[in-house]
Amino acid sequence: MRAGTFPFSLNAIQTSDVGEIAGSYAAYLQLFASLNSCLRYSLLLRGLRALHAHILASGFKPRKHILNRLIDLYSKYGDILSARRLFDSTPQPDVVARTCLINAYSNAGDIGLARQMFDETPIFYRDTVFYNAMISGYSRSGEGLPGVFVFRRMLRDGVPPDEYTFSGVLSAAAYLINLNLVLCQQLHCAAAKAGTGYSVTVLNALIALYCKCQSFVAASHAQKVFDEMLVRDELTWTTMVVGYVRRGDISAARQVFDVMEERFDVVWNAMISGYVHCEQFFEAFEIFRRMQSLQLPLDEFTYTSVLSACANAGLFWHGKAVHAKIIRHGPDFDPKSALPVKNVLVTLYSRCHKLELARRIFDGIQMKDTVSWNAMLSGYVNSGCICDAREVFEQMPRNSQLPWMVMISGLVQNGFSEEALKLFNRMRGENVKPCDYTYAGIFSACGDLGALQHGRQLHGKHIQLGYESSNSAGNALITMYAKCGALADAHLVFLEMPNVDSVSWNSIIAAFGHHGHGDEAIELYERMINEGIYPDKLTFLTILTACNHAGLVDEGLQYFRSMEQDYGISPGEDHYARLIDILGRAGRIEEAENVIRSMPFEAGSSIWESVLAGCRIRGNMDLAVYAADKLFKMIPQYHGTYVLLSNIYASFGRWEDVARVRKLMRDRGVKKEPGCSWIEVENMVHVFLVNDTTHPGLRQVFSFLEVLGAKMRKLGYVPDTRFVLQDVKSERKEYVLSTHSEKLAVVFGLLNMPVEATIRVLKNLRICGDCHNAILFMSMATEREIIVRDGKRFHHFKDGECSCGNFW
DNA sequence: ATAGGGTTAG
């Protein structure tokens with residue numbers, strides 16, 4: 001029967017012979033049952049309804065097997081209401097009808113109603129097929145534990161399992177959260193004992209289960225089962241490929257894939273997602289292209305995987321093209337299968353910073369699941385839209401720890417460390433168990449806030465929970481202790497970590513570097529190389545920063561060269577900027593200019609900012625103006641350029657130019673940072689001072705600076721730059737403090753010295769090396785409040801603790 | 001009346 005002939009005519013049934021009528025109906029229903037994949041279900045449903053109406057109109061009393069078949073077909077075609085109505089009108093529905101409804105409910109995703117039907121069925125009714133339907137219902141819904149429980153109950157009730165049972169329970173068990181090898185082996189034995197140990201279906205499911213165990217032993221069991229199989233089908237091979245992919249052994253998967261004679265669509269999809277997981281996006285795309293050229297059917301899994309490749313590689317236009325393809329040529333997915341595609345689209349667009357697009361997709365999802373919410377949340381978080389992220393976070397279901405983790409680490413990354421700690425407390429109040437990454441987030445929050453005591457306590461808690469072997473939290477701990485000035489503790493954490501990775505090395509090198517121990521940083525770097533860990537871009541950035549802070553100019557140059565020569569890592573703009581910074585600070589401006597000329601790409605804003613900062617130290621006015629011009633063109637709204645340039649003019653005493661730059665800034669509507677002026681501290685910490693001199697906090701800072709200045713003079717340090725007191729009255733009758741105000745001169749001069757010297761002074765003041773931390777100790781030593789700004793963060797130091805108080 | 005494989009957020 002072809003699609004065009006439906007719905008068919010029922011005129012053929014004209015006889016009044018009851019037996020013949022029943023036979024005709026049964027034959028028609030048989031026909032429907034055999035038409036599973038030939039036609040769209042909506043068309044079939046229309047035909048079925050017509051047939052059903054005909055049966056009702058004929059006054060014929062259908063027997064139970066006909067009714068059951070009707071119920072089954074209604075269920076299959078998704079018309080659960082009709083199936084249920086028919087079921088309810090059936091006198092004493094038997095186990096077959098009940099099984100049909102269990103399937104109908106579980107296929108519709110309502111496993112609760114399926115279970116209700118299961119529970120309502122008396123035990124003496126139940127047979128093997130009935131249990132099988134419930135078990136496979138659970139496995140299709142991804143609910144492992146109840147599936148396994150139903151299986152156990154089946155054995156207890158004395159109903160014999162068959163190969164369907166084991167196929168179902170094995171695939172249900174794959175969803176168990178605490179799946180382990182022992183359970184796999186138990187099920188394996190049970191299947192063998194029940195005499196189903198040679199069924200291809202069962203063994204395929206068993207291989208898949210072993211592969212999901214994620215251990216080498218389990219993987220070898222999977223291999224053994226595979227090797228001992230007498231008959232294998234395409235699915236066996238497919239399962240093996242999927243197993244290799246899951247283990248991350250993409251090349252083994254590819255080998256099998258290439259020799260497979262007949263490939264299921266699934267195996268293509270598995271290869272795409274495998275390549276995505278190994279971050280080989282080009283290969284993933286290659287598979288997708290081959291699928292297209294072979295005109296293989298592309299389903300929602302294909303699209304999800306390939307879009308995920310686009311999202312991870314940041315390929316906006318590729319992703320958009322695939323999206324367009326889905327809209328134009330794609331099959332119309334039912335809402336359930338369309339959901340993952342829409343979810344990954346949200347991720348794709350938010351990763352490409354098209355948040356409005358992402359939001360539009362997100363708003364268009366009727367049945368949002370946790371993945372949708374989390375995708376939108378992390379989209380906002382990663383783009384720094386904390387306000388929107390907060391809103392989403394409050395609206396969404398928060399029963400898993402994931403949104404908490406995303407929100408907490410998002411807050412930390414965007415400079416809301418104190419709020420992150422508050423959220424962490426709220427999380428614990430709501431009895432959500434924090435995961436390891438959450439701890440990583442709050443450790444870095446503590447580091448940002450300089451909250452050493454709090455950090456230590458949480459570290460203790462973390463050890464209690466048995467997380468100490470993890471790397472993400474360990475690496476965060478290194479940085480936390482380093483930022484809090486506890487370099488020894490940072491080192492200890494590093495030494496005690498069972499398996500350090502390149503991030504750990506980078507963190508500990510940065511820790512020593514930031515504390516001014518350039519030599520130790522370099523030594524650690526050499527040890528890392530000796531231990532066979534490959535340095536990455538970040539390592540070099542760290543080591544260059546360390547050289548910069550320690551004033552190790554030639555070493556910096558050497559490592560910069562080594563980067564490309566020895567490791568084939570081409571330096572990025574940030575590496576060049578760091579190098580120029582090093583040269584600039586050493587006053588080697590000509591060399592810095594040469595570096596800019598030799599760069600393989602146009603100098604970007606970070607380069608020119610380094611140049612400008614370099615000029616401030618050994619006043620090269622012409623170059624400063626040149627660099628500032630570049631910056632004005634590239635990022636005209638960036639306030640830093642104006643401030644730096646006017647500072648340089650000020651150090652030459654060219655006050656008209658200072659005024660001109662300030663006017664330029666006003667005319668262009670460049671927003672100054674709210675209510676503060678600033679000085680730069682070794683390129684790391686920016687100290688901002690409130691304009692409003694009546695602010696109590698500012699008076700504190702003034703007196704602190706006086707104390708510091710006095711101590712400095714005592715130690716024999718004389719500020720080496722010209723400082724002039726300049727009080728400019730603005731329209732708002734506030735004081736604008738130039739960075740050259742005499743009271744700031746001390747810090748300014750102090751921080752213009754090489755780091756080694758700074759550290760020495762700070763050490764004499766019983767202050768540790770990290771500038772951020774230095775301020776903390778300064779505030780303790782002088783018993784004053786100090787306000788500091790680090791990047792986007794405002795910190796308020798008082799009584800040896802630091803917080804992000806609403807100071808302004 | 002029932003079965004085995006693949007997808008998305010971090």
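Not measured: the values here are computed from a predicted model. The sequence lines fix the lettering, A, B, ..., with proteins before strands; numbering per chain opens at 1.
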Asker: Kindly point out which of dT8(B), dG5(B), dG10(B) is positioned nearest to the side chain of Met405(A)?
Answerer: dG10(B)
Asker: Over how many whole Å does the gap from Met396(A) atom CE to dA9(B) atom C1' extend?
Answerer: 9 Å
Asker: Which one, dG4(B), dT8(B), dT7(B), comes nearest to the side chain of Ser139(A)?
Answerer: dG4(B)
Asker: Which part of the nucleic acid, if any, lies within reach of Val200(A) when heavy atoms closer than 4.0 Å are counted: base, sugar-phosphate only, or nothing?
Answerer: base
Asker: With a 4.0 Å cutoff (strictly under), does any side-chain N or O of Ser273(A) reach OP1 or OP2 of dG6(B)?
Answerer: no
Asker: If the cut-off is 4.0 Å, is Arg140(A) near the phosphate of dA3(B), judged by side-chain N/O to OP1 or OP2?
Answerer: yes
Asker: Side chain of Thr99(A), heavy atoms from C-beta onward: which of dA1(B), dG5(B), dG10(B) has the nearest atom to it?
Answerer: dA1(B)
Asker: In this structure, how many angstroms lie between the C1' atom of dA3(B) and the CZ atom of Phe151(A), rounded?
Answerer: 13 Å
Asker: Side chain of Thr238(A): nearest nucleotide among dA3(B), dG5(B), dA9(B)?
Answerer: dG5(B)
Asker: Checking contacts here: which listed nucleotide (dT2(B), dA9(B), dA3(B)) is nearest the side-chain heavy atoms of Asn132(A)?
Answerer: dT2(B)
Asker: Could one point to a donor on the side chain of Thr304(A) or the base of dT7(B) with an acceptor on the other under 3.5 Å away?
Answerer: yes
Asker: Distance-only, no hydrogens or angles: does the Thr90(A) side chain make a donor-acceptor pair with backbone N or O of Pro93(A) under 3.5 Å?
Answerer: no
Asker: From CG of Asp436(A) over to P of dG10(B), roughly how many Å is that when rounded to an integer?
Answerer: 17 Å
Asker: Before we go on, tell me: are the rings of Trp268(A) and Phe288(A) under 6.0 Å apart, centre to centre?
Answerer: no
Asker: What contact category does Arg98(A) fall into here, base, sugar-phosphate, or nothing, at under 4.0 angstrom with non-hydrogen atoms?
Answerer: nothing
Asker: Output the single nucleotide from dA1(B), dG6(B), dG4(B) whose closest atom is nearest the side chain of Ser171(A).
Answerer: dG4(B)
Asker: Name every residue in residues 227-237 of chain A that has at least one heavy atom under 4.0 Å from any atom of DNA chain B, in order of residue number, or write none if there are no such residues.
Answerer: Asp233(A), Leu235(A)
Asker: Between dA1(B), dG6(B), dA3(B), spot the one nearest the side chain of Arg69(A), thanks.
Answerer: dA1(B)
Asker: Does any N or O in the side chain of Trp373(A) come within less than 3.5 Å of the main-chain N or O of Val392(A), such that one atom is a donor and the other an acceptor?
Answerer: no
Asker: Which nucleotide wins on minimum distance to the side chain of Val95(A), given the candidates dA1(B), dG10(B), dG6(B)?
Answerer: dA1(B)
Asker: Side-chain N or O of His277(A) versus OP1/OP2 of dG6(B): is the shortest distance under 4.0 Å?
Answerer: no
Asker: Ignoring hydrogens and angles, tell me if any N or O in the side chain of Arg246(A) forms a donor-acceptor pair with the backbone of Lys212(A) under 3.5 Å.
Answerer: no
Asker: Mark this stacking check for Tyr164(A) against dT2(B) as yes or no, applying ring centres under 5.5 Å and ring planes under 30°.
Answerer: yes
Asker: Just checking, is any N or O donor in the side chain of Arg254(A) or Tyr275(A) under 3.5 Å from an acceptor N or O on the other one?
Answerer: yes
Asker: Less than 6.0 Å separating the ring centroids of Phe151(A) and Phe166(A)?
Answerer: yes
Asker: Touch check for Lys368(A), heavy atoms < 4.0 angstrom, all strands: base, sugar-phosphate only, or nothing?
Answerer: nothing
Asker: With the side chain of Val129(A) defined as its heavy atoms from C-beta on, choose the nearest nucleotide among dA1(B), dG4(B), dG6(B).
Answerer: dA1(B)
Asker: How long is the span from the NE2 atom in His188(A) to the CG atom in Leu203(A), to the nearest 0.5 Å?
Answerer: 6.5 Å
Asker: Rounded to the nearest angstrom, tell me the gap between atom CD1 in Ile326(A) and atom P in dT8(B).
Answerer: 14 Å
Asker: Applying a 4.0 Å non-hydrogen cut-off, can you work out what Phe264(A) is touching in the nucleic acid: base, sugar-phosphate, or nothing?
Answerer: base
Asker: Can you list every pair that meets salt bridge (charged side-chain N to carboxylate O under 4.0 Å, His left out) and has a residue in residues 362-372 of chain A, with sequence neighbours left out?
Answerer: Arg359(A)-Asp363(A)
Asker: With a cut-off of less than 4.0 Å, is there a side-chain N or O of Lys64(A) near OP1 or OP2 of dA1(B)?
Answerer: no
Asker: Is there a donor in the side chain of Asn107(A) and an acceptor in the side chain of Arg140(A), or the other way round, less than 3.5 Å apart?
Answerer: yes
Asker: Could you check how far CD of Glu163(A) sits from C1' of dT2(B), rounded to whole Å?
Answerer: 11 Å
Asker: Counting side-chain heavy atoms from CB outward, which of dA9(B), dG5(B), dA1(B) is closest to Val96(A)?
Answerer: dA1(B)
Asker: Over all strands shown, is Arg263(A) touching base, sugar-phosphate only, or nothing at heavy-atom distances under 4.0 angstrom?
Answerer: nothing
Asker: Look at the side-chain N and O atoms of Arg351(A) and state whether any lies under 4.0 Å from the OP1 or OP2 oxygen of dG10(B).
Answerer: yes
Asker: Under 4.0 Å, heavy atoms only, any strand: does His65(A) hit a base, just the sugar-phosphate, or nothing?
Answerer: nothing
Asker: Could you state the atom-to-atom distance from CD of Gln413(A) to C1' of dG10(B) in whole Å?
Answerer: 11 Å
Asker: Are the side chain of Arg69(A) and the backbone N or O of Ala26(A) linked by a donor-acceptor pair below 3.5 Å?
Answerer: no
Asker: From CG of Asp94(A) over to C1' of dT2(B), roughly how many Å is that when rounded to an integer?
Answerer: 15 Å
Asker: Remember a base hit wins even if backbone is also touched, and classify Asp127(A) as base, sugar-phosphate or nothing at under 4.0 Å, heavy atoms.
Answerer: base
Asker: Measure from CD on Glu300(A) to C1' on dG6(B) and round the result to the nearest Å.
Answerer: 10 Å
